[in-house]
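Computed from heavy atoms alone, side chains included, the values below leave out hydrogens, waters and symmetry copies.
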Amino acid sequence: QVQLVESGGGLVQAGDSLRLSCTASGRTISSYTMGWFRQAPGREREFVAAIVWSAGHTYYSDSVKGRFTISRDNTKNMVHLQMNSLKPEDTAVYYCAADPRVIPLRSAHEYDYWGQGTQVTVSS
């Protein structure tokens with residue numbers, strides 16, 4: 001089993017930056033595919049970013065490409081999501097997800113493990 005805990009959410013203004021972190025325990029996640037998803041009120045959970053192996057294998061949704069960066073620190077069993085130029089439409093609960101398959105995964109149902117989420121609110 002893998003336990004995931006997100007941190008770093010908060011209330012910011014449009015144009016600001018935030019860095020989300022996901023700390024894994026239970027197993028080493030260095031070979032896992034890690035993803036970030038978000039869910040706004042009344043909407044389905046949507047893919048934000050994923051990383052397979054290393055920074056050379058990252059994937060983003062069109063809505064965050066160029067503004068968000070996913071990275072991993074395998075020495076600390078952590079994954080990060082650097083979010084720059086935040087917009088009010090980025091407001092959502094952000095979830096970290098993990099899956100042992102070494103392939104890019106963009107659908108929520110493909111991930112085996114989930115964190116509890118961290119709230120990100122961007123005011124205009």
Across all chains, not counting sequence neighbours, the side-chain contact (heavy atoms from CB on, under 4.5 Å) partners of Ser31 are Trp53
Test item: [X] side-chain N/O and [Y] main-chain N/O as donor-acceptor pair under 3.5 Å:
X: Tyr60; Y: Phe47; result: no
X: Glu6; Y: Gly117; result: yes
X: Asn77; Y: Asn74; result: no
X: Glu44; Y: Gln39; result: no
X: Thr33; Y: Ile103; result: yes

Hey, could you give me each pair passing ring-ring contact (aromatic ring centres under 6.0 Å, His included) that has a residue in residues 67-101? Not counting sequence neighbours. none
Can you pull the ring-ring contact (aromatic ring centres under 6.0 Å, His included) pairs that have at least one residue in residues 96-124, sequence neighbours excluded?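 Those involving residues 96-124 are Phe37-Tyr111, Phe37-Trp114.
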Regarding Thr121 and Gln119, do their side chains bring together a donor and an acceptor under 3.5 Å, going by distance alone? yes
Say whether Ser63 and Ser61, considering side chains only, have a donor N or O and an acceptor N or O under 3.5 Å apart. yes
Between Met78 and Ile29, what is the shortest heavy-atom contact and its length? N-CD1, 4.4 Å
CD of Gln116: more than 12 outside heavy atoms within 6.0 angstrom?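 No, not enclosed.
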